[in-house]
Amino acid sequence: MSPANGGESLPDPTTSHAPSLPRLTQYEQEGAWVVAAHGAFDLDSAPLLASALQDAATTHTTVVVDAAAVTFADSTVLNVLLHFHRGHRLRLARPARQFQRVLELTGADQVLDIRPTVADAVA
C-alpha cells in the first residue's frame with residue numbers, strides 16, 4: 001500500500017497491455033528478401049509494410065514475410081499482402097496463430113503462398 005495514493009494498489013507502469021508497436025526486420029536469405037514483421041499492423045502501420053515489400057521487390061524476385069511475431073493484422077494488411085502478391089513472388093512464412101485465423105476466415109490462405117517456416121519459404 002502506498003500512502004501517496006490513499007492505500008490503493010496501482011498497476012505496474014512497466015507492464016503494458018497495449019498492442020506492441022509495429023516494426024520490421026529485414027535481411028537476405030538464400031537469395032530471397034525476408035521482411036520479418038513484429039507487433040500490431042493496422043491502417044496506420046500497413047504503409048510501413050507496403051513500402052518494405054516494394055523496396056524488396058526492386059532487388060529480389062522472391063519476398064518472404066515472416067509473420068511469426070505479428071500480434072494483430074487488420075484488413076488493411078491483408079490488402080497490402082494480396083495486392084503485392086498479384087505482381088510479385090510473395091511467400092508468407094509461419095503466421096502467428098491469430099493472423100493465421102484471419103487468413104483462414106477471409107480465404108486469403110487460399111490465395112497467398114503460406115509456408116510453415118522461413119527456410120521453406122526461401123527454398
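Here, residue 1 is the first one in the sequence, and each next residue gets the next number.
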May I have the list of side-chain donor-acceptor pairs in residues 80-90 shorter than 3.5 Å, sequence neighbours left out?
residue, atom, partner, partner atom, Å
His83, ND1, Arg86, NH1, 3.1
His85, NE2, Val111, O, 3.3
His88, ND1, Phe84, O, 3.1
Arg89, NH1, Thr62, OG1, 3.4

Distance-only donor-acceptor check, side chains Thr117 and Asp120, under 3.5 Å: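 The answer is yes; a qualifying pair exists.
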Roughly how far apart are Asn79 CG and Asp74 CG, rounded to 0.5 Å?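 Asn79 CG to Asp74 CG: 9.0 Å, rounded to 0.5 Å.
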Hey, could you give me the CD/NE2 distance between Gln29 and His60, rounded to the nearest 0.5 Å?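 Gln29 atom CD to His60 atom NE2 measures 11.0 Å (nearest 0.5 Å).
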On a heavy-atom basis, which atom in Ser45 and which in Phe41 lie closest, and how many Å separate them?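 Between these two residues, the closest heavy atoms are OG-CA, 3.1 Å.
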Please find the pair of heavy atoms, one from Gln98 and one from Val70, that lie closest to each other, and give the distance.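 Taking every non-hydrogen atom into account, OE1-O, 4.4 Å.
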Applying a strict under-4.5 Å side-chain criterion to I, L, V, M, F, W and Y, I'd like to know whether [X] and [Y] cluster together.
X: Leu53; Y: Leu92; result: yes
X: Leu78; Y: Leu24; result: yes
X: Trp33; Y: Ile114; result: yes
X: Val34; Y: Leu112; result: no
X: Val63; Y: Phe99; result: yes

Side-chain donor/acceptor of Arg91 to backbone N/O of Ala121, under 3.5 Å: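 Yes, the answer is positive, given that a donor and an acceptor are paired below the 3.5 Å cut-off.
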Any donor-acceptor pair under 3.5 Å from Thr71 side chain to Ala40 backbone: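 Checked: pair present.
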Do Val77 and Asp42 pass the side chain to side chain contact (heavy atoms under 4.5 Å, CB included) test, and can you show the C-alpha distance, the side-chain angles, and the key distance before you say yes or no? CA-CA 6 Å; Val77 175; Asp42 58 15; 5.9 Å; no
Taking the side chain as everything from C-beta on, heavy atoms only, tell me whether Gln100 gets closer than 4.5 Å to Asp109.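 Yes, at least one pair of side-chain atoms sits under 4.5 Å.
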pair Arg94-Asp66: side-chain heavy atoms closer than 4.5 Å: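 Yes; the side chains approach each other to less than 4.5 Å.
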Please list, chain by chain and in numerical order, all residues satisfying side chain to side chain contact (heavy atoms under 4.5 Å, CB included) with Asp55, sequence neighbours excluded.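 Per chain and number, Asp55 pairs via side chain to side chain contact (heavy atoms under 4.5 Å, CB included) with Ser51.
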With Arg101, which residues qualify under salt bridge (charged side-chain N to carboxylate O under 4.0 Å, His left out), at least two apart?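 Scan of Arg101 (salt bridge (charged side-chain N to carboxylate O under 4.0 Å, His left out), adjacent residues dropped) gives Glu104.
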